[in-house]
Amino acid sequence: MTEDTRHAAVSIGELARRTGVPVRTIRFYCDSGILEYRRTGGGHRMFDSPAAVDRLLLVRRLRAMGLPLPAIVRVLDGSESIGAVAAAERAALDTELDALRWRRAALFAIESAPPDERAGRLELLAAVHDRSVVLDSIVTFWRPILGLLSRADFDSFIDMTAPPLPSEPAPGQVVAYAELANLATDASVKTAMTHQIWRSDRERIGDRRQFVTALAYACGVAGPLVAAGEAPRPGAELDQYVHAHAAARHERDTPRFRRALLDGATDADPRVHRYWRLTAEITGTEATAGGIHYWLLDALRQTV
């Protein structure tokens with residue numbers, strides 16, 4: 001092929017031969033504005049070579065990697081690099097793979113369930129077939145309860161109580177997350193959990209943000225003892241917890257006040273216990289917000 005021939009205009013058939021792209025696909029690219037062409041007096045499409053060949057080969061290679069046309073157009077017009085669109089597509093694939101692994105684990109959880117439990121497990125898992133629903137439901141559950149926290153503190157609490165979903169979950173993890181999400185949609189569980197966090201006479205608490213921050217600090221102090229499996233006992237950790245409640249209500253830490261903290265407790269509610277049990281299973285530690293709370297209340301009962 002001479003230099004003049006290589007740079008001559010080529011027909012759509014010749015362009016298809018040189019690139020291996022079917023004629024009808026080239027027509028589609030022309031109609032989509034991806035390939036430029038001109039028409040002869042007889043109405044035939046003609047393409048400049050080698051520009052059209054190089055452009056079409058680039059499109060073909062990007063399509064072979066599964067890149068969508070909008071991304072390819074951005075490469076062609078120079079608004080994004082090949083590396084940038086490849087990174088974006090890889091990230092999208094990671095999301096799809098996470099969803100597929102979640103679905104696979106859910107299907108296996110249904111398959112491996114005892115026959116008399118499969119219908120119930122199907123109902124549970126079908127409600128969270130989209131893994132993003134799980135974390136969204138937990139965030140929605142906690143936001144009105146702890147909405148006064150700063151965003152950073154709230155996000156930290158969520159990370160502690162509902163860690164990121166594993167990319168390759170085991171069937172048991174999927175079931176635990178699904179049950180947790182199901183509890184999070186129960187309004188009565190939210191009411192019981194609200195009482196567990198705020199205790200009674202919530203309306204007497206003046207600065208609620210300061211109270212929640214102080215309570216979080218008290219739980220953080222007790223957390224290592226819970227994680228270490230230490231038995232509940234009175235001490236500085238409990239005193240910090242009681243002080244957070246008393247100061248928020250402009251009270252003193254007295255035996256009467258400590259008894260009041262235990263009055264009308266919802267801590268025996270089996271659904272709330274189940275919520276924190278599932279959280280412990282998912283996080284792999286007993287030092288959840290609920291586990292620390294129960295430890296402190298057991299310590300409190302020893303002082304009244």
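Between Y241 and H293, the ring planes are perpendicular. Angles over 60° get that label, and only those under 30° would be called parallel. Between W276 and W142, the angle of the ring planes lies from 30° to 60°, which puts this pair in the tilted group.
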Item to check | Step-by-step side chain to side chain donor-acceptor pair (under 3.5 Å) determination, S188 to R271 | outcome: CA-CA 9 Å; S188 62; R271 297 163 304 172; 2.4 Å; yes
Checklist entry - Could you walk me through whether R90 and D94 pass the salt bridge (charged side-chain N to carboxylate O under 4.0 Å, His left out) check? => result CA-CA 6 Å; R90 179 188 54 77; D94 286 343; 3.3 Å; yes
Checklist entry - Please walk me through it: do L100 and R104 pass side chain to side chain contact (heavy atoms under 4.5 Å, CB included)? => result CA-CA 6 Å; L100 286 172; R104 183 181 184 278; over 6 Å; no
Next on the checklist: Go through it in stages, so that I can follow the logic: the residues are L300 and T303, the test is side chain to side chain contact (heavy atoms under 4.5 Å, CB included), and I'd like the CA-CA distance, side-chain angles, deciding distance and then a yes or no.
Outcome noted: CA-CA 5 Å; L300 179 60; T303 68; 3.7 Å; yes
Next on the checklist: Applying side chain to side chain contact (heavy atoms under 4.5 Å, CB included) to F154 and V139, what does each step give before you reach the verdict?
Outcome noted: CA-CA 9 Å; F154 181 79; V139 171; 4.1 Å; yes
Item to check | Derivation of the side chain to side chain contact (heavy atoms under 4.5 Å, CB included) call for H243 and D253 | outcome: CA-CA 6 Å; H243 176 75; D253 180 357; 5.7 Å; no
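H195 contributes no side-chain N or O that, together with a main-chain N or O of A192, makes up a donor-acceptor pair within less than 3.5 Å. Judged by distance alone, with hydrogens and angles left aside, the side-chain atoms of S32 form a donor-acceptor pair with the main-chain N or O of F28 at under 3.5 Å. The backbone N or O of V304 sits nowhere less than 3.5 Å from a side-chain atom of R259 that would complete a donor-acceptor pair. Without hydrogens or angle criteria, S79 side chain to V75 main chain gives no donor-acceptor distance under 3.5 Å.
For Y37 and Y29, the ring centers are positioned 6.0 Å apart or more. Checked against the 6.0 Å centroid criterion, the rings of F211 and H245 qualify as a close aromatic pair.
The residues D31 and R27 are annotated as not salt-bridged, no charged nitrogen and carboxylate oxygen being separated by less than 4.0 angstrom. Salt-bridge annotation for K190 and D186: absent, with no side-chain N of the basic residue lying under 4.0 Å from a carboxylate O of the acidic one. Using a cut-off of 4.0 Å between Lys/Arg side-chain N and Asp/Glu carboxylate O, D239 and R258 are scored as salt-bridged.
Within the 4.5 Å cutoff, the side chain of V53 has no heavy atoms near those of the F47 side chain.
Closest heavy-atom contact between V128 and W102: O-NE1, 3.0 Å. Taking each heavy atom of A113 and R118 in turn, the nearest pair found is O-NE, 3.0 Å. Shortest non-hydrogen contact noted between L125 and A109 is CD1-CB, 3.9 Å. Taking each heavy atom of R63 and I72 in turn, the nearest pair found is CD-CD1, 3.3 Å.
At a cut-off of 3.5 Å, with distance as the only test, no side-chain donor of H273 or R277 sits close to an acceptor on the other residue. Using modelled atom types, one finds no donor on one side chain facing an acceptor on the other under 3.5 Å when comparing S11 with R45.
Applying the salt bridge (Lys or Arg N to Asp or Glu O under 4.0 Å) rule to E117 yields no partners; only residues at least two apart in sequence or on another chain are considered. Under the salt bridge (Lys or Arg N to Asp or Glu O under 4.0 Å) criterion, D207 pairs with no residue at all, not counting sequence neighbours.
Distance check, rounded to the nearest 0.5 Å: CD of E179 to CZ of R121 gives 9.5 Å. Distance check, rounded to the nearest 0.5 Å: CE of M193 to CG of D269 gives 9.0 Å. Atom CG of D48 and atom CZ of R55 lie 12.0 Å apart (nearest 0.5 Å). Note: M46 CE to R38 CZ = 6.5 Å, rounded to the nearest 0.5 Å. Taken to the nearest 0.5 Å, the NE2 atom of H250 stands 10.0 Å off from the CD1 atom of I205. Between the CG atom of L215 and the CD atom of Q210 there is a distance of 12.5 Å, given to the nearest 0.5 Å.
When the shell of 6.0 Å around CZ of R39 is examined, it contains more than 12 heavy atoms from other residues, nucleotides or ligands. Counted within 6.0 Å of CD on E230, heavy atoms from surrounding residues, nucleotides or ligands total more than 12; the atom is thus considered enclosed. The environment of R101 atom CZ is dense: over 12 non-hydrogen atoms of other residues, nucleotides or ligands sit within 6.0 angstrom.
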